[in-house]
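A quick write-up on the structure given underneath.
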Amino acid sequence: MSFFEVEDPVFSTFVLGNAPLKKLGTGFDWVEGPVWFGDHDCLLFSDIPNNRIMRWSPSAGVSVFREPSNFSNGHTRDGQGRLVSCEHGTRRVSRTEHDGTITVIADSYQGKRLNSPNDVIVASDGAIWFSDPHYGISTDYEGFRAEQELPCNVYRVDPLSGEICAVLTDFNCPNGLAFSPDETRLYVADTGRMFSDDPRHIRVFNVDAGWGLSGGGVFHSIEPGSADGMRVDVAGNLWSSAADGVHCIAPDGRRLGKILVPETVSNVCFGGRNGHRLFITATTSIYSVSLAIRGHTRGRH
């Protein structure tokens, strides 16, 4: 059985016909936020409804990394290799220091509590960018139902002052975030408000030298399903979650092909020995597949 669906010949150069889609673990409720720790040869990911962060390694398989996790969702690493996490339960973005202590990066804006930070990326200057939709406070399933105090924005945390700035304020519910390899483009998934018929698509913004944003037109609309988490490879292609697997989208917005996964995909990340292994979180399970192209990473991974 082929797990790949080629729509453009170039996609054939990204995939390996003899590389299987592997199920690494299952039995979770809703997995998210994969992040690769190459220096520890392990993957961390969130099992959000069960309030825990899990670890997978080739030698030990699946184990619990942190429980409780404050209903953590998205994760990334900063330039110093520290874990940066979005927490639904505490409505904050946190950083795990090398000694295991937790530093709060952001939990409010202009005197009001954040909603439920969802996805996070760290730019080359050390600034932390995160999305803040309302999914974690809309029900008790992925956190705690609570009153929404702020619009669903995208924020940037200055690396020197720690000042929090709302940089994108015209989204229904911003979700996954990704920079192009040269950081001249920012991709943001809008997955819409819960229980609504909002448009669901990926938008793209131009990023200037001072980290200002312009543009914001629709880059691509995932079908079937909608975009959630996403990552870019070294050539600037976007690998996005979808209802039927992972879609590979060229920098011009064309879908090149798919990795077919038997569960709805929530997020992806690159990792493994040379950054050519794609790890996939999909509803109740985690998967991986080796590719013929590497993911683009910053800092220590």
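Residue numbers start at 1 and run along the sequence shown. What you are looking at is a predicted structure, and each value in this text was computed from that prediction instead of being measured.
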(request) Might you work through the side-chain contact (heavy atoms from CB on, under 4.5 Å) test for I280 and L21, ending with a clear yes or no? (result) CA-CA 10 Å; I280 302 165; L21 178 72; 4.1 Å; yes
(message) side-chain contact (heavy atoms from CB on, under 4.5 Å), that's the test. Do I105 and V120 meet it? Break it down for me.
(response) CA-CA 11 Å; I105 302 299; V120 59; over 6 Å; no
(request) Just do the side-chain contact (heavy atoms from CB on, under 4.5 Å) check on E7 and H247 with the steps written out, would you? (result) CA-CA 10 Å; E7 299 180 65; H247 294 188; over 6 Å; no
(request) Applying side-chain contact (heavy atoms from CB on, under 4.5 Å), run through I293 and V234 and close with a yes or a no. (result) CA-CA 7 Å; I293 192 167; V234 292; 4.0 Å; yes
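Put simply, the side chain of S266 gets close to the backbone of V31: a donor and an acceptor are under 3.5 Å apart. In this structure a side-chain-to-backbone donor-acceptor pair under 3.5 Å is missing from D244 to L260. Between the side chain of H276 and the backbone N or O of S290, no donor-acceptor pair lies under 3.5 Å. The closest donor-acceptor contact from the side chain of H88 to the backbone of E142 lies under 3.5 Å. Within the 3.5 Å criterion, the main-chain N or O of G216 finds a donor-acceptor partner in the side chain of R203. The backbone N or O of S124 sits less than 3.5 Å from a side-chain atom of E183, completing a donor-acceptor pair. T283 places a side-chain N or O within 3.5 Å of a backbone atom of T264 that can act as its donor or acceptor partner. Checked by atom type and distance alone, the side chain of S46 never pairs as donor or acceptor with a backbone atom of G74 at under 3.5 Å. Side-chain atoms of D99 come within 3.5 Å of backbone atoms of T101 as a donor-acceptor pair (strictly under, hydrogens ignored). In this structure, the side chain of N51 does not engage the main chain of P68 through any donor-acceptor pair within 3.5 Å.
Screening T191, N73, N115 for a side chain to side chain donor-acceptor pair (under 3.5 Å) involving Y135 leaves a single residue, T191.
Y287 places none of its side-chain heavy atoms less than 4.5 Å from the side chain of F3. Residues D158 and C165 have side chains not in contact (no heavy-atom distance under 4.5 Å, counting atoms from C-beta outward). M54 is listed as a side-chain neighbour of V64, based on a closest heavy-atom distance under 4.5 Å. Contact annotation: the side chain of V188 never approaches that of I202 to less than 4.5 Å [non-hydrogen atoms, C-beta and beyond]. Counting heavy atoms from C-beta outward, L83 and F37 have side chains that approach closer than 4.5 Å. Using a 4.5 Å heavy-atom cutoff, the side chains of T281 and F28 are not in contact. Residues L186 and I121 form a side-chain contact, since some pair of their non-hydrogen atoms from C-beta on lies under 4.5 Å apart. Looking at E149 and R91, their side chains come closer than 4.5 Å, going by heavy atoms from C-beta outward.
One distance of note links OG1 of T184 with CZ of F205; it measures 14.0 Å at 0.5 Å rounding. Note that CZ of R66 and CZ of R52 are 14.5 Å apart. Values are rounded to the nearest 0.5 Å. Here CD of E5 is found 12.5 Å from SG of C248. Values are rounded to the nearest 0.5 Å. Between atom OG of residue S288 and atom CG of residue L24 there is a gap of 4.0 Å, rounded to the nearest 0.5 Å. Interatomic distance, Q148 CD to S138 OG, rounded to the nearest 0.5 Å: 7.0 Å. In this structure, NE2 in H296 is found 12.0 Å from CZ in R231, a value given to the nearest 0.5 Å.
Closest of all the heavy-atom pairs between G192 and C173 is O-CB, 3.3 Å. Contact record, S94 with E87: OG-OE2, 2.7 Å, taken as the closest heavy-atom pair. The two residues H75 and G33 come nearest to each other via the heavy atoms CD2-O, 3.1 Å. Of all heavy-atom pairs between H220 and I249, the closest is CD2-CD1, 3.6 Å. Shown here for L150 and R113, the closest heavy-atom pair between the two residues is CD1-O, 3.3 Å. Closest of all the heavy-atom pairs between A250 and N237 is CA-OD1, 3.5 Å.
Ring orientation note: the planes of W211 and F179 are nearly perpendicular, at an angle over 60° on the 30°/60° scale. In this pair, W56 and W36 present their aromatic rings tilted. The plane angle is within the 30 to 60° band. Classification of the F11-F4 ring pair by plane angle, with boundaries at 30° and 60°, yields perpendicular.
For the residue pair S72/N70, the side-chain donor-acceptor check at 3.5 Å is not satisfied. Side-chain contact of S240 with Y187: a donor-acceptor pair under 3.5 Å is absent, judged by distance alone. Defined by atom type and a distance below 3.5 Å, a donor-acceptor pair is missing between the side-chain atoms of N153 and D132.
Under the 4.5 Å side-chain heavy-atom criterion for grouping Ile, Leu, Val, Met, Phe, Trp and Tyr, I48 is not connected to L177 through any hydrophobic cluster. V246 and L256 fall within the same hydrophobic cluster, defined by Ile, Leu, Val, Met, Phe, Trp and Tyr side-chain heavy atoms under 4.5 Å apart, directly or through other members. Cluster annotation: V35 is connected to F65 through the hydrophobic network of ILVMFWY side chains, with a link wherever side-chain heavy atoms come within less than 4.5 Å. Placement of F171 and V207 within a single hydrophobic cluster is found when ILVMFWY residues are connected by side-chain heavy-atom separations under 4.5 Å, directly or transitively. Residues L278 and V10 share a single hydrophobic cluster, defined by chaining ILVMFWY side chains whose heavy atoms lie under 4.5 Å apart.
For T103, the side-chain hydrogen bond (donor to acceptor under 3.5 Å, both in side chains) criterion is met by E97, not counting sequence neighbours. With sequence neighbours left out, Y109 forms a ring-ring contact (aromatic ring centres under 6.0 Å, His included) with Y155.
Residue R294 places its CZ atom among 12 or fewer non-hydrogen atoms of other residues, nucleotides or ligands, all under 6.0 Å distant.
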